There are 2 protein chains.
Amino acid sequence: MQNSEALALTAALLAAAGDLTRRINEGVVARGFEGRPAYGFAFTRLARGGATVTDLAAHLGVTKQAASQLVDEIVRKGYAERRAHPGDARARLVVLTERGVACTRATEEAAADAVAAWVDILGEGEVRALRERLTRIAPYGPIRPAW
Amino acid sequence: MQNSEALALTAALLAAAGDLTRRINEGVVARGFEGRPAYGFAFTRLARGGATVTDLAAHLGVTKQAASQLVDEIVRKGYAERRAHPGDARARLVVLTERGVACTRATEEAAADAVAAWVDILGEGEVRALRERLTRIAPYGPIRPAW
DNA sequence: CCATATAGTCAAGTAGCTTGACCAACCGGC
DNA sequence: GCCGGTTGGTCAAGCTACTTGACTATATGG
(Lines give C-alpha, C1' and ligand atoms only; values in the text may rest on other atoms or scores of the structure.)
Protein backbone atom coordinates (compact mmCIF):
# COMPACT_ATOMS: atom_id res chain seq x y z
CA MET A 1 0.00 0.00 0.00
CA GLN A 2 1.40 3.35 -1.01
CA ASN A 3 1.97 6.06 1.55
CA SER A 4 -0.49 8.43 -0.04
CA GLU A 5 -3.22 5.82 0.16
CA ALA A 6 -2.73 5.51 3.89
CA LEU A 7 -3.41 9.21 4.34
CA ALA A 8 -6.41 8.96 2.06
CA LEU A 9 -7.76 6.15 4.22
CA THR A 10 -7.36 8.33 7.27
CA ALA A 11 -9.13 11.20 5.56
CA ALA A 12 -11.94 8.91 4.50
CA LEU A 13 -12.32 7.56 8.03
CA LEU A 14 -12.45 11.04 9.52
CA ALA A 15 -14.87 12.23 6.87
CA ALA A 16 -17.13 9.22 7.39
CA ALA A 17 -17.06 9.52 11.17
CA GLY A 18 -17.70 13.24 10.99
CA ASP A 19 -20.50 12.82 8.50
CA LEU A 20 -22.23 10.17 10.57
CA THR A 21 -21.84 12.11 13.80
CA ARG A 22 -23.22 15.24 12.21
CA ARG A 23 -26.22 13.43 10.74
CA ILE A 24 -27.04 11.78 14.03
CA ASN A 25 -26.84 15.05 15.88
CA GLU A 26 -29.10 16.71 13.33
CA GLY A 27 -31.57 13.85 13.72
CA VAL A 28 -31.59 14.21 17.48
CA VAL A 29 -32.19 17.95 17.20
CA ALA A 30 -34.97 17.35 14.66
CA ARG A 31 -36.64 15.10 17.24
CA GLY A 32 -36.82 17.97 19.67
CA PHE A 33 -33.77 17.46 21.87
CA GLU A 34 -30.83 19.75 22.27
CA GLY A 35 -27.45 18.27 22.74
CA ARG A 36 -24.07 17.56 21.36
CA PRO A 37 -22.61 14.30 20.09
CA ALA A 38 -20.92 13.42 23.35
CA TYR A 39 -24.33 13.03 24.96
CA GLY A 40 -25.11 9.91 22.97
CA PHE A 41 -22.02 8.12 24.18
CA ALA A 42 -22.61 9.22 27.74
CA PHE A 43 -26.21 8.05 27.58
CA THR A 44 -25.31 4.57 26.40
CA ARG A 45 -23.27 4.23 29.57
CA LEU A 46 -25.85 5.79 31.87
CA ALA A 47 -28.64 3.69 30.42
CA ARG A 48 -27.28 0.59 32.11
CA GLY A 49 -28.48 1.42 35.59
CA GLY A 50 -26.62 4.67 35.97
CA ALA A 51 -22.94 5.36 36.50
CA THR A 52 -20.62 7.42 38.63
CA VAL A 53 -18.77 10.39 37.23
CA THR A 54 -15.57 8.38 37.34
CA ASP A 55 -17.16 5.51 35.38
CA LEU A 56 -18.35 7.97 32.80
CA ALA A 57 -14.94 9.62 32.55
CA ALA A 58 -13.31 6.27 31.84
CA HIS A 59 -15.99 5.40 29.28
CA LEU A 60 -15.54 8.68 27.43
CA GLY A 61 -11.77 8.81 27.78
CA VAL A 62 -11.68 12.19 29.48
CA THR A 63 -10.78 13.47 32.93
CA LYS A 64 -13.34 13.17 35.68
CA GLN A 65 -13.55 16.95 35.76
CA ALA A 66 -14.64 16.99 32.14
CA ALA A 67 -17.13 14.19 32.82
CA SER A 68 -18.45 16.13 35.79
CA GLN A 69 -19.00 19.18 33.59
CA LEU A 70 -20.84 17.05 31.07
CA VAL A 71 -23.04 15.71 33.86
CA ASP A 72 -23.71 19.29 34.98
CA GLU A 73 -24.96 19.99 31.48
CA ILE A 74 -27.24 17.03 31.08
CA VAL A 75 -28.61 17.53 34.58
CA ARG A 76 -29.31 21.20 33.82
CA LYS A 77 -31.10 20.16 30.64
CA GLY A 78 -33.18 17.60 32.50
CA TYR A 79 -31.71 14.45 30.96
CA ALA A 80 -30.23 13.02 34.14
CA GLU A 81 -30.07 13.51 37.88
CA ARG A 82 -27.52 12.88 40.58
CA ARG A 83 -28.56 10.48 43.31
CA ALA A 84 -26.88 9.19 46.41
CA HIS A 85 -24.77 6.12 45.71
CA PRO A 86 -25.93 3.09 47.66
CA GLY A 87 -22.94 1.86 49.62
CA ASP A 88 -20.47 4.67 48.94
CA ALA A 89 -21.21 8.03 50.47
CA ARG A 90 -18.48 9.73 48.43
CA ALA A 91 -19.88 8.66 45.09
CA ARG A 92 -23.02 9.87 43.38
CA LEU A 93 -24.99 7.78 40.95
CA VAL A 94 -25.92 9.63 37.77
CA VAL A 95 -29.13 8.22 36.31
CA LEU A 96 -31.20 9.14 33.28
CA THR A 97 -34.53 10.83 33.79
CA GLU A 98 -37.63 9.97 31.75
CA ARG A 99 -36.61 12.65 29.28
CA GLY A 100 -33.07 11.32 29.23
CA VAL A 101 -34.37 7.90 28.25
CA ALA A 102 -36.46 9.50 25.52
CA CYS A 103 -33.41 11.35 24.25
CA THR A 104 -31.44 8.11 24.23
CA ARG A 105 -34.13 6.48 22.10
CA ALA A 106 -34.12 9.49 19.78
CA THR A 107 -30.36 9.19 19.43
CA GLU A 108 -30.59 5.54 18.52
CA GLU A 109 -33.29 6.25 15.98
CA ALA A 110 -31.28 9.07 14.47
CA ALA A 111 -28.23 6.81 14.28
CA ALA A 112 -30.27 4.13 12.56
CA ASP A 113 -31.55 6.69 10.06
CA ALA A 114 -28.07 7.95 9.34
CA VAL A 115 -26.72 4.47 8.81
CA ALA A 116 -29.71 3.64 6.63
CA ALA A 117 -28.36 6.16 4.12
CA TRP A 118 -25.19 4.11 4.00
CA VAL A 119 -27.11 0.89 3.61
CA ASP A 120 -28.75 2.39 0.54
CA ILE A 121 -25.32 2.91 -0.98
CA LEU A 122 -23.39 -0.15 0.16
CA GLY A 123 -26.06 -2.66 1.06
CA GLU A 124 -26.74 -4.09 4.48
CA GLY A 125 -24.13 -6.83 4.29
CA GLU A 126 -21.28 -4.47 3.53
CA VAL A 127 -22.24 -2.04 6.25
CA ARG A 128 -22.33 -4.90 8.72
CA ALA A 129 -18.94 -6.07 7.46
CA LEU A 130 -17.64 -2.53 7.83
CA ARG A 131 -18.64 -2.44 11.43
CA GLU A 132 -17.21 -5.88 12.11
CA ARG A 133 -13.85 -4.94 10.64
CA LEU A 134 -13.67 -1.61 12.39
CA THR A 135 -14.45 -3.30 15.67
CA ARG A 136 -11.62 -5.77 15.08
CA ILE A 137 -9.21 -2.95 14.34
CA ALA A 138 -10.09 -0.58 17.16
CA PRO A 139 -11.51 -2.75 19.91
CA TYR A 140 -13.19 -0.67 22.53
CA GLY A 141 -10.79 1.86 23.68
CA PRO A 142 -12.50 4.77 25.31
CA ILE A 143 -14.38 6.95 22.88
CA ARG A 144 -13.20 10.40 21.88
CA PRO A 145 -16.17 11.98 20.11
CA ALA A 146 -14.62 15.38 19.52
CA TRP A 147 -17.33 16.82 17.31
CA MET B 1 -30.09 -3.26 11.36
CA GLN B 2 -30.96 -2.59 14.97
CA ASN B 3 -30.69 0.89 16.39
CA SER B 4 -28.05 -0.07 18.90
CA GLU B 5 -25.83 -1.44 16.13
CA ALA B 6 -25.93 1.89 14.36
CA LEU B 7 -24.52 3.61 17.43
CA ALA B 8 -21.92 0.89 17.80
CA LEU B 9 -20.86 1.48 14.21
CA THR B 10 -20.45 5.17 14.95
CA ALA B 11 -18.41 4.42 18.04
CA ALA B 12 -16.23 2.03 16.07
CA LEU B 13 -15.66 4.60 13.35
CA LEU B 14 -14.72 7.28 15.83
CA ALA B 15 -12.46 4.91 17.71
CA ALA B 16 -10.75 3.77 14.51
CA ALA B 17 -10.30 7.29 13.20
CA GLY B 18 -9.00 8.49 16.54
CA ASP B 19 -6.64 5.55 16.87
CA LEU B 20 -5.22 6.04 13.41
CA THR B 21 -4.84 9.78 13.84
CA ARG B 22 -3.08 9.32 17.17
CA ARG B 23 -0.69 6.73 15.77
CA ILE B 24 0.20 8.87 12.79
CA ASN B 25 0.85 11.88 14.98
CA GLU B 26 3.07 9.81 17.26
CA GLY B 27 4.96 8.58 14.22
CA VAL B 28 5.49 12.11 12.96
CA VAL B 29 6.77 13.22 16.36
CA ALA B 30 9.05 10.18 16.53
CA ARG B 31 10.56 11.30 13.21
CA GLY B 32 11.56 14.59 14.77
CA PHE B 33 8.76 16.93 13.76
CA GLU B 34 6.38 18.75 16.02
CA GLY B 35 2.86 19.18 14.90
CA ARG B 36 -0.75 18.33 15.28
CA PRO B 37 -2.94 16.15 13.11
CA ALA B 38 -4.37 19.06 11.14
CA TYR B 39 -0.94 19.74 9.67
CA GLY B 40 -1.03 16.56 7.64
CA PHE B 41 -4.22 17.51 5.91
CA ALA B 42 -3.02 21.05 5.34
CA PHE B 43 0.24 19.77 3.88
CA THR B 44 -1.48 17.53 1.36
CA ARG B 45 -3.16 20.63 0.00
CA LEU B 46 -0.07 22.83 0.11
CA ALA B 47 2.06 20.16 -1.54
CA ARG B 48 0.32 20.73 -4.87
CA GLY B 49 2.06 23.97 -5.73
CA GLY B 50 0.91 25.94 -2.72
CA ALA B 51 -2.48 27.35 -1.85
CA THR B 52 -4.08 30.51 -0.58
CA VAL B 53 -5.46 30.77 2.92
CA THR B 54 -8.97 30.67 1.49
CA ASP B 55 -8.21 27.48 -0.47
CA LEU B 56 -6.87 25.91 2.67
CA ALA B 57 -9.89 26.95 4.69
CA ALA B 58 -12.21 25.29 2.19
CA HIS B 59 -10.05 22.17 2.13
CA LEU B 60 -10.06 21.87 5.91
CA GLY B 61 -13.67 22.93 6.37
CA VAL B 62 -12.92 25.80 8.72
CA THR B 63 -13.14 29.58 8.53
CA LYS B 64 -10.39 31.46 6.77
CA GLN B 65 -9.44 33.00 10.11
CA ALA B 66 -8.80 29.55 11.51
CA ALA B 67 -6.84 28.60 8.40
CA SER B 68 -4.83 31.80 8.73
CA GLN B 69 -3.96 30.92 12.31
CA LEU B 70 -2.86 27.46 11.21
CA VAL B 71 -0.66 29.03 8.55
CA ASP B 72 0.82 31.33 11.21
CA GLU B 73 1.77 28.22 13.16
CA ILE B 74 3.36 26.29 10.35
CA VAL B 75 5.20 29.39 9.17
CA ARG B 76 6.50 30.01 12.69
CA LYS B 77 7.69 26.41 12.84
CA GLY B 78 9.41 26.71 9.51
CA TYR B 79 7.23 24.34 7.52
CA ALA B 80 5.86 26.92 5.08
CA GLU B 81 6.20 30.51 3.99
CA ARG B 82 3.91 33.17 2.60
CA ARG B 83 4.76 34.48 -0.84
CA ALA B 84 3.22 37.08 -3.07
CA HIS B 85 0.52 35.62 -5.26
CA PRO B 86 1.25 35.98 -8.97
CA GLY B 87 -1.69 37.80 -10.47
CA ASP B 88 -3.59 38.78 -7.34
CA ALA B 89 -2.07 41.33 -5.02
CA ARG B 90 -4.63 40.64 -2.31
CA ALA B 91 -3.86 36.96 -2.08
CA ARG B 92 -0.76 35.31 -0.70
CA LEU B 93 0.48 31.95 -1.79
CA VAL B 94 1.40 29.63 1.06
CA VAL B 95 4.08 27.19 -0.01
CA LEU B 96 5.94 24.45 1.81
CA THR B 97 9.58 24.95 2.71
CA GLU B 98 12.18 22.21 2.40
CA ARG B 99 11.43 21.23 5.96
CA GLY B 100 7.73 21.29 5.25
CA VAL B 101 8.22 18.83 2.42
CA ALA B 102 10.26 16.62 4.73
CA CYS B 103 7.49 16.75 7.31
CA THR B 104 4.96 15.84 4.65
CA ARG B 105 7.01 12.78 3.75
CA ALA B 106 7.31 11.87 7.42
CA THR B 107 3.55 12.13 7.80
CA GLU B 108 2.98 9.84 4.84
CA GLU B 109 5.45 7.32 6.21
CA ALA B 110 3.85 7.43 9.63
CA ALA B 111 0.43 6.94 8.06
CA ALA B 112 1.71 3.96 6.12
CA ASP B 113 3.15 2.49 9.33
CA ALA B 114 -0.09 2.98 11.18
CA VAL B 115 -2.12 1.38 8.44
CA ALA B 116 0.38 -1.47 8.24
CA ALA B 117 -0.76 -2.49 11.72
CA TRP B 118 -4.26 -2.80 10.32
CA VAL B 119 -3.05 -4.78 7.33
CA ASP B 120 -1.55 -7.26 9.78
CA ILE B 121 -4.97 -7.78 11.29
CA LEU B 122 -7.29 -7.59 8.31
CA GLY B 123 -5.06 -8.28 5.35
CA GLU B 124 -4.27 -5.89 2.54
CA GLY B 125 -7.36 -6.65 0.50
CA GLU B 126 -9.76 -5.88 3.27
CA VAL B 127 -8.05 -2.64 4.20
CA ARG B 128 -8.22 -1.57 0.59
CA ALA B 129 -11.90 -2.53 0.50
CA LEU B 130 -12.44 -0.56 3.68
CA ARG B 131 -11.01 2.54 2.11
CA GLU B 132 -12.96 2.05 -1.09
CA ARG B 133 -16.23 1.75 0.79
CA LEU B 134 -15.56 4.67 3.07
CA THR B 135 -14.73 6.81 0.08
CA ARG B 136 -17.99 5.84 -1.54
CA ILE B 137 -19.91 6.75 1.62
CA ALA B 138 -18.28 10.04 2.45
CA PRO B 139 -16.93 11.39 -0.79
CA TYR B 140 -14.59 14.25 -0.19
CA GLY B 141 -16.36 16.69 1.89
CA PRO B 142 -13.98 18.97 3.71
CA ILE B 143 -12.04 17.28 6.43
CA ARG B 144 -12.68 17.97 10.08
CA PRO B 145 -9.69 16.44 11.90
CA ALA B 146 -10.63 17.49 15.39
CA TRP B 147 -7.96 15.58 17.25
C1' DC C 1 -15.19 54.90 -12.32
C1' DC C 2 -17.85 53.30 -9.00
C1' DA C 3 -20.45 49.47 -6.47
C1' DT C 4 -19.85 45.23 -4.92
C1' DA C 5 -17.27 41.10 -4.04
C1' DT C 6 -13.15 38.80 -2.41
C1' DA C 7 -8.36 37.86 0.18
C1' DG C 8 -6.50 38.45 4.32
C1' DT C 9 -5.80 40.01 9.05
C1' DC C 10 -6.82 41.76 13.82
C1' DA C 11 -9.43 41.40 17.89
C1' DA C 12 -12.44 39.37 21.00
C1' DG C 13 -15.32 35.67 22.46
C1' DT C 14 -16.51 30.62 23.15
C1' DA C 15 -16.61 25.44 23.89
C1' DG C 16 -14.69 21.79 25.72
C1' DC C 17 -11.27 20.19 27.40
C1' DT C 18 -6.92 20.24 30.79
C1' DT C 19 -4.00 20.62 35.31
C1' DG C 20 -3.79 21.64 40.14
C1' DA C 21 -5.69 22.06 44.66
C1' DC C 22 -8.73 20.58 47.78
C1' DC C 23 -12.26 17.99 50.90
C1' DA C 24 -14.95 14.04 52.34
C1' DA C 25 -15.35 9.26 52.60
C1' DC C 26 -13.41 4.57 52.13
C1' DC C 27 -10.09 0.82 53.36
C1' DG C 28 -6.25 -2.13 54.92
C1' DG C 29 -2.73 -2.83 58.49
C1' DC C 30 -1.60 -2.59 62.90
C1' DG D 1 -10.31 1.72 66.89
C1' DC D 2 -7.51 4.77 64.14
C1' DC D 3 -4.45 6.33 60.92
C1' DG D 4 -1.93 6.72 56.38
C1' DG D 5 -2.87 6.25 51.83
C1' DT D 6 -6.33 5.87 48.16
C1' DT D 7 -10.49 7.16 45.77
C1' DG D 8 -14.89 10.04 44.32
C1' DG D 9 -16.11 14.47 43.39
C1' DT D 10 -15.91 19.43 42.94
C1' DC D 11 -13.95 24.21 42.42
C1' DA D 12 -10.95 27.24 40.07
C1' DA D 13 -8.00 28.65 36.58
C1' DG D 14 -5.87 28.07 32.16
C1' DC D 15 -5.36 26.47 27.39
C1' DT D 16 -6.30 25.22 22.50
C1' DA D 17 -8.56 25.47 18.51
C1' DC D 18 -11.93 27.16 16.90
C1' DT D 19 -15.77 31.00 16.10
C1' DT D 20 -18.03 35.79 14.87
C1' DG D 21 -17.44 40.59 13.81
C1' DA D 22 -15.01 44.46 12.05
C1' DC D 23 -11.84 46.25 9.04
C1' DT D 24 -8.35 47.17 4.99
C1' DA D 25 -6.62 46.38 0.44
C1' DT D 26 -7.31 44.73 -3.99
C1' DA D 27 -10.11 42.93 -7.83
C1' DT D 28 -13.97 42.96 -11.07
C1' DG D 29 -18.23 43.81 -13.74
C1' DG D 30 -21.58 47.12 -15.42
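Here the structure is a predicted model, which is why all the values come from computation and not from measurement. The analysis underlying the following values was restricted to heavy atoms, covering all of them including side chains, and did not include hydrogens, waters or symmetry mates. Lettering follows sequence order; numbering is per chain, from 1.
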Distance in angstrom units between [X] [atom1] and [N] [atom2], rounded:
X       : N      : atom1 : atom2 : value
A:Asp88 : C:dA24 : CG    : C1'   : 11 Å
A:Leu60 : C:dA15 : CG    : C1'   : 16 Å
A:Gln69 : D:dG14 : CD    : P     : 15 Å
B:Asp55 : C:dT6  : CG    : C1'   : 12 Å
B:Arg76 : C:dT9  : CZ    : C1'   : 15 Å
B:Leu56 : C:dG8  : CG    : C1'   : 13 Å
A:Asp72 : D:dC11 : CG    : C1'   : 11 Å
A:Ile74 : C:dA15 : CD1   : C1'   : 17 Å

| With a 4.0 Å cut-off, would you call B:Glu26 and B:Arg22 a salt bridge? |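 Between B:Arg22 and B:Glu26 there is a salt bridge, with a charged N closer than 4.0 Å to a carboxylate O.
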| field | Presence of salt bridge, A:Asp72 and A:Arg82, under 4.0 angstrom | value |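 Yes.
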| said: I'd like to know if A:Gln65 reaches the base of D:dG8 with its side chain such that a donor and an acceptor end up less than 3.5 angstrom apart. | reply: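 Checked by distance alone, the answer is no.
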| field | A:Glu126 CD to B:Ile137 CD1 distance, which is reported to the nearest 0.5 Å | value |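 Here the rounded value is 9.0 Å.
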| message | Is it true that B:Tyr79 and B:Glu73 share a donor-acceptor pair across their side chains at a distance under 3.5 Å? | response |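 No, B:Tyr79 and B:Glu73 have no side-chain donor paired with an acceptor closer than 3.5 Å.
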Distance check: side-chain N/O of [X] vs OP1/OP2 of [N], anything under 4.0 Å?
X       : N      : value
A:Thr52 : D:dG9  : yes
B:Arg90 : C:dA5  : no
B:Arg36 : D:dC18 : yes
B:Ser68 : C:dG8  : no

| request: Among C:dA25, D:dT20, C:dG8, find the nucleotide with the atom closest to the side chain of B:Thr63. | output: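 Nearest listed nucleotide: D:dT20.
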| said: Quick check: on DNA chain C, is the nucleotide nearest B:Arg82 upstream (toward 5') of the one nearest A:Ala66, or the reverse? Name the residue that is more 5'. | reply: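 Nearer the 5' end of the strand: B:Arg82.
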| query | Where the side chain of A:Ser68 meets the backbone of A:Lys64, is there a donor-acceptor pair that is under 3.5 Å apart? | reply |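 No, because the side chain of A:Ser68 does not come within donor-acceptor range (under 3.5 Å) of the backbone of A:Lys64.
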| query | With nearest nucleotides of DNA chain D determined for B:Lys64 and B:Leu70 from heavy-atom distances, which residue corresponds to the more 5′ nucleotide? | reply |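 The residue mapped nearer the 5' terminus is B:Leu70.
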